[in-house]
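A short worksheet on the structure shown next.
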Amino acid sequence: MPELPEVETVVRSLAPRLEGRRIVDVWGSGLPLRLARPVDLRHVSALCLRRRFRAVRRRGKYILLELGKVSDGGDQGLSVHLGMTGRLRLQPAREPRAPHTHVVWTLDRGDELRFVDPRRFGSVSPADSLAALPELAQLGPDPLSELDERELGARLDGVRAPIKAFLLDQRRVAGLGNIYVCEALHRARIHPSTPASRARGRAAALLAGIRGALESGIANRGTTLRDFVDSNGEAGENLASLLVYGREGAPCRTCGARVRRRVDAARSTFFCPGCQKK
Ligand SMILES: [Zn+2]
């Protein structure tokens with residue numbers, strides 16, 4: 001599932017090609033997406049038609065497509081979540097639409113922005129104010145731009161849940177999923193079942209681990225396990241740079257011990273028993 005580095009990769013590949021483009025038509029499949037909710041196409045059309053995409057940004061795992069001119073005031077736009085298999089592609093309108101295309105914005109100069117999502121766990125939410133969208137309002141700080149060691153320490157304080165569960169909770173820290181949590185904990189040398197409150201004294205190492213894992217992912221344009229591609233359709237190359245995720249039984253790149261996999265809350269956790277002691 002796309003996490004912060006994959007979403008950032010989509011934003012970076014999309015922004016220079018989409019910003020300033022005018023929307024001339026909107027189409028939707030009408031099928032339900034995340035939480036069995038269909039896209040509110042009337043609202044999307046009302047916001048988008050005959051206006052321009054002003055900016056493409058990211059917050060946590062959400063892609064924000066801002067609309068209109070700054071002088072319009074407000075922060076109208078669309079929030080897009082890729083869910084498990086979502087793709088946001090900018091393609092010439094003459095190219096056939098992929099199966100499972102659910103929303104299409106026809107742009108000036110013969111291109112289309114297309115939201116494709118075979119498993120339909122993604123979402124496209126129109127908003128008269130992006131800041132007021134509940135899914136965005138309840139997000140925790142972005143670890144690359146809004147989190148420092150003190151703030152992370154304060155958030156860890158008193159939390160009995162394991163550090164892995166803490167980091168996966170988007171309300172505590174935004175943007176991390178299973179891959180980058182495993183990678184961050186390994187870099188910080190913290191065992192994944194450590195109670196979050198006990199990692200408080202290592203907040204600096206943890207923040208450095210989180211940032212290191214995310215920055216590696218962004219530098220390699222995302223991790224493609226199966227589905228992920230950027231807005232040009234290109235896969236990411238971070239898989240070969242992962243330190244523990246997906247490497248069960250392989251030697252740790254730091255100490256040579258065998259990487260282990262355990263299952264927590266029905267999800268795989270990869271860690272090195274040599275580097276990450278309980
Ligand atoms: Zn190790």
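Atoms within each ligand, like the ligands themselves, are counted from 1 in listed order. Below, all heavy atoms of this structure are taken into account, side chains as well, without hydrogens, waters or symmetry copies. Residue indices begin at 1 and follow the sequence shown.
- With Val124 as the fixed residue, the side-chain contact (heavy atoms from CB on, under 4.5 Å) test singles out one of Leu88, Val103, Asp40, Leu41: Val103.
- Taking backbone and side chain together, His186 holds no N, O or S atom under 2.8 Å from the Zn ion (ligand 1).
- When rounded to 10 degrees, the angle formed at the Zn ion (ligand 1) by SG (Cys272) and SG (Cys255) equals 100°.
- Taking CD1 of Ile218 as the start and CD of Glu8 as the end, the distance is 5.0 Å to the nearest 0.5 Å.
- When rounded to 10 degrees, the angle formed at the Zn ion (ligand 1) by SG (Cys275) and SG (Cys252) equals 110°.
- Taking CG from Leu156 and CZ from Arg172, the interatomic distance works out to 9.0 Å, rounded to the nearest 0.5 Å.
- Contact of the Thr223 side chain with the Tyr245 side chain is not registered, since no non-hydrogen atoms from C-beta on lie closer than 4.5 Å.
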